[in-house]
*Asks:* 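Provided herewith is a single structure, encoded as C-alpha cells, for subsequent inquiry.
The sequence lines fix the lettering, A, B, ..., with proteins before strands; numbering per chain opens at 1.
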Amino acid sequence: METQHRQGVLSGLRAGWPGRADRGDQEAGWAHGWRLWGPCLALLALCAGFGVAEPGFLTWANLRVIADSSAVPMILAVGLTFVVLQGSLDLSIEGVMALCSLTIAMLVLNSRTSLDFGASALVLAVLPGLCMGMLNGVVLTRLAVPSFMVTLGAWSVALGLAMLLSGGQPPIMKDEALRAFGQGRTASVPNLAIVAAAVVALGHVLQHHTRFGRYSMAIGGGEHLARQSGLPVDRYKVLAFALCGLLAGLAGTLESTRIGLGHVDIGAGQLLSTITAVVVGGTSLAGGRGGVLQSAVGALLLNVLANGMVFIGVVPEAQLVVEGGIVLAASLLASWQLRGRMREVR
Amino acid sequence: MNTPVLRVERLGKSFNGVRALDGVSIDVGPHEVVGVLGENGAGKSTLLKVLAGLCRPDAGEITVRGRTVRFGGPRDAAAAGISMVFQEQSLIPNLNVAENIMLGHEDAALRGGFYDWRKLHALSAVQLGKLDARIAPSALTETLSFAERQMVELAKALAIEERTPHEPLILLDEPTSMLDDEQARVVLPAIERLRSRASMILVSHRLDEVLRVCDRVYVLAGGRCVGQRHRGACTKTELQTMMLLQHPDVRGSPALPARSDASAVVLQVRELSRADRYRGVSFEVRAGEVLGIAGAAGSGRESLCRALFGAEVPDSGEMVLDGRRVRWSEPADAVRHGIGYVPAERSTEGLVAGMSVAENMTLAHLGELQRGPFIALGPEKALARRWMARLAIQPCTGETQAQWLSGGNQQKLVLAKWLIGRKLKVLILDHPWRGLDVAAKAEAVDMIREFARAGIAMVLITDSIDDLIASSDSLIVMKNGMVSGVFKGGPAKPPELRILECML
C-alpha cells in the first residue's frame, strides 16, 4: 500500500513537470515574440502611416533613398549587436569610421598620395578597424576594465590618427570605379544596401548557427556561469570587438566611396544612433537578449522615421524630440517585460 | 580494492587568511558514491571547487586514475573526466536546455563550424534520457522550474561521459538542497542510476539521503577530515555527533510552547486570490504565533508569501494588518508597515554582495540611523557589532563582505536585518533552513523562537513537514492554490499523515 501510494505521488509529479514547462514556454514565447515582432510591427505601422499621410513616401524612388541611407547604420548595428549581446559596449565606432575613411581615401587614386590600390583598397582599408577592435578586446579582457572606458579611449586614439592623416585637408578620391560603386545601383537597388543586407544575413547566421554567436548569448546571459563551464570567454569577447571594429571600418569605407572623400567627421553622430537602433530593435544593453535581425529592424525604423518626418514636414528640432521619445518608449517596453519576468523567475 | 579513481592527499586552501581546507585526504573508488558531510564552513564546497578546477589548492596532491594532476581551470578538470553539479545552479537562463547541457562541448553537433540544431537537441536528449527526465531540449532554460533545472544540471554533468574514455567522476554539491521532499525523491533515483556509469562525490545536508545513496562517508569539520565510515557501519546519530563535536546540545530541540489564543490577531488575510496561483485563501496570525503553511510544489504557497510581502500583487481579496486594511504595491510599502521577508535564495534576494556585513544589516533601517541628511556611521557600526555578537556571526567583523560568509552565517545576517527593525510585526520565512546544516538550523530555530517571544507574528514555509510541525503553532495546508486543511494550535501536534493527506 505504502509503496503504491509513493509511486502514485511520483508519477503525479512527473506528469506535472512537463505541464509546467509548457506554460512557461508559452509565456516566454509570448514575451520573445513581442520582443521580436514588436519593432517589426512598429516599422510596418510607420510605413503605412507615412504612406497614407503622404503618398510620395511609398514610391520606389523614396524607398531607394531609405535603403541607401539605412545601409551604413545597419552595418554598424550588426557589429555592435554582438558586443551588446555580451553585455559590453563599444564607443569607438565613430573614431574607427574616421580612421578607415582616411585610410581608403589615401590608398586609392587620390588628391594626396601617389598610391593606387584600386578595389583591393576596400579590403586593406578595413584592417585598421579590425586592429582597433582587437586592441579594444585584448586591452579590456587583460586589464579587466569596463568596455566603455577602453573604447572611449580608443575613440579618441582612432579619431586622432585620422586627423593626423587628414592634416586638415580631406583627401579627395579619384578612383572612378569605386565612386561608381558607392553611388551606383544594381538592378535598381543601391549597392551599399546590398552589402548591408549581406552583412545582416551573415550576422544572423553567425548569431544563431555558430559558437561565436551562441557563446555571445551565453556570456551575456551569465558571464561567470560561462567561465564556470570552461568557455574561453575572453577569446570570444576579443572576437566580438574585432567584428565590431571590422564592421565600423567597413561602414566608414563604404560611406567614403559614396561621398568621395576621406573625412574625419564621417561618423559624426553615428554612435548614438547605432546604440539607439540596437536598443529600439529589442537588444538589451544588459546583454543576452536580442539579435542581429532586431538591430537591423531598429536601424531601418530610425531611418524610416527620419525620412518620413521630412516628408510630412516636421521641423528638424521636433524630429529629435520624436526620436528621443521612441528611444524612451522602446526601453520602457523592454524593461516592462523584464519587470514581469523578474517577479516570476525564482 | 581497485586503484582509486581519485585520490586527494593533504589538500590545503586558504581564502584571505581563513583556512578552508587544512590537510584533507580522501579517495574514491570506481562506481563508488562517497558522501562528504560537515557543517557550514567545514570546507565541503571548497573541496569540490578545487576538484572541479575552479580554484587552485595551496598544498597537497590530487591523483586521478594514478596520475598526478594540476588543474588550471574547469576545462582541465573536465578533460580528466571530472564534472560538477553546482549548489547554486550554473545554467545560463537565456540559452535553451540543449545548449546548456552541451555548453563548451558542441563539437559533435557542429558541421563545418555551424550548429546542427537537430543533432544538438538529439545529443542532449540522450543525456536527459539517462535520467528519465521529460524536459524538451529546445525549452528556454529560464522557463523551467527549479527541480527541472536541477535535472538539466545533472544531465549536463553526465554529458562528460561521452567525452572521456574513462568513467566520469561527478561532484554533486547539495543537489537536493533547493528541492522539496517530493522533488528530491525524483532526483535521488537519478543519482542512484548513475552509479553504474560513474563515481560520485555527494555533498549534502540531508543525512538520510547520504546514508541511503553513499557507500562511504567522510566527515569534515573546520577544514579537516575528522572521520570516515562505511554505510551500515554507522548511524545517523554517530555522524551527527562527529559533525557537531563542538555543539553536542543542539539535538532534540523542544517544540515551541503553544500560544494562547488570547493574543491579538496581527495579520488577517481574507479571500486572497491571484490567477493561476491561489484562490480564496483566508487565515489569521496572532502576535507571537508561528503559522506554518504546508503544500507541495505548485500549491501556490510561495506565491502567496510573495503577496504578503508586496512582491506580487494579488488580484482580489484583502489583507488586514492590526485592524487596518492594507494594500502593498511594492515590498517597500510592506517594510514600512512592519513586515519582514526572509527569502529562500538568500544570496540573491536577501543580501547585497559587495556590501559589508554591517551595511547589509542596517540597509533596511537607514531611516532610524539618520541624523539630518547623513547616516550616523558610529551608531551604525555599534549596532552591527552588537547584533553580530548576539547572533554569533562569524567572522565577527562588520567589514567582511556579505558574500564571503558561509551559508549559515548569511542566514543569520538576513534574520538580523529584520530583528534590528523596531517596528517589525510580521516576519515571513520562506524556507529559512534551506542549505543549512544541523547546527546552523538549530541556531536559526532559536532565533525564530526569540522573534516569537518578542510578540512577532510569523508565517513559515519549509520543505520538511517534520520541521513545519515542530516549529509551527498552527498550520494551514494548501493544495492547488486553495486551503485544503487547517490545524489550529493546541497542546497536541497534528499528525504528519493527516497533513500529507491534505497536501496530495
*Asks:* State plainly whether the residues B:Arg301 and B:Asp430 are in salt-bridge range, i.e. N to O under 4.0 Å.
*Replies:*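 Answer for the salt bridge query: no.
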*Asks:* Which atoms of B:Leu103 are under 4.5 Å from chain A, going by heavy atoms: the side chain, the backbone, both sets, or neither?
*Replies:* both
*Asks:* Against chain A, label B:Asn96 side chain, backbone, both or neither, depending on which of its atoms sit under 4.5 Å from a heavy atom there.
*Replies:*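 Contact with chain A is absent: no heavy atom of B:Asn96 under 4.5 Å.
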*Asks:* Check whether any side-chain N or O of B:Thr141 sits under 3.5 Å from a backbone N or O of B:Leu95 as a donor-acceptor pair, and report yes or no.
*Replies:* yes
*Asks:* For the interface with chain B, which of A:Gly213, A:Gly288, A:Ser229, A:Ala218 has the highest count of heavy-atom pairs at distances below 4.5 Å?
*Replies:*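 Winner by heavy-atom pair count: A:Ala218.
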*Asks:* In terms of heavy-atom pairs under 4.5 Å, which option from B:Leu110, B:Asn100, B:Asn94, B:Asp116 contacts chain A the most?
*Replies:* B:Asn94
*Asks:* Given that the side chain runs from C-beta out, which part of B:Leu120 has a heavy atom under 4.5 Å from chain A: side chain, backbone, both or neither?
*Replies:*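 The answer is neither part of B:Leu120.
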*Asks:* Which ring pair (Phe, Tyr, Trp, His ring centres under 6.0 Å) pairs, counting each pair once, include a residue from residues 218-241 of chain A, with sequence neighbours left out?
*Replies:* A:Tyr215-A:Tyr236
*Asks:* Need one label for B:Glu99: side chain, backbone, both or neither, based on atoms under 4.5 Å from any heavy atom in chain A.
*Replies:*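 Just the side chain, heavy atoms under 4.5 Å.
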*Asks:* Just to verify, what does A:Val292 make a side-chain contact (heavy atoms from CB on, under 4.5 Å) with, not counting sequence neighbours?
*Replies:*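 If we apply the side-chain contact (heavy atoms from CB on, under 4.5 Å) test to A:Val292, skipping adjacent residues, the hits are A:Val78, A:Thr81, A:Phe82, A:Val200, A:Gln207.
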*Asks:* When you check the side-chain N and O atoms of A:Asn136 and A:Thr151, is any donor under 3.5 Å from an acceptor?
*Replies:*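 No donor-acceptor contact under 3.5 Å links the two side chains.
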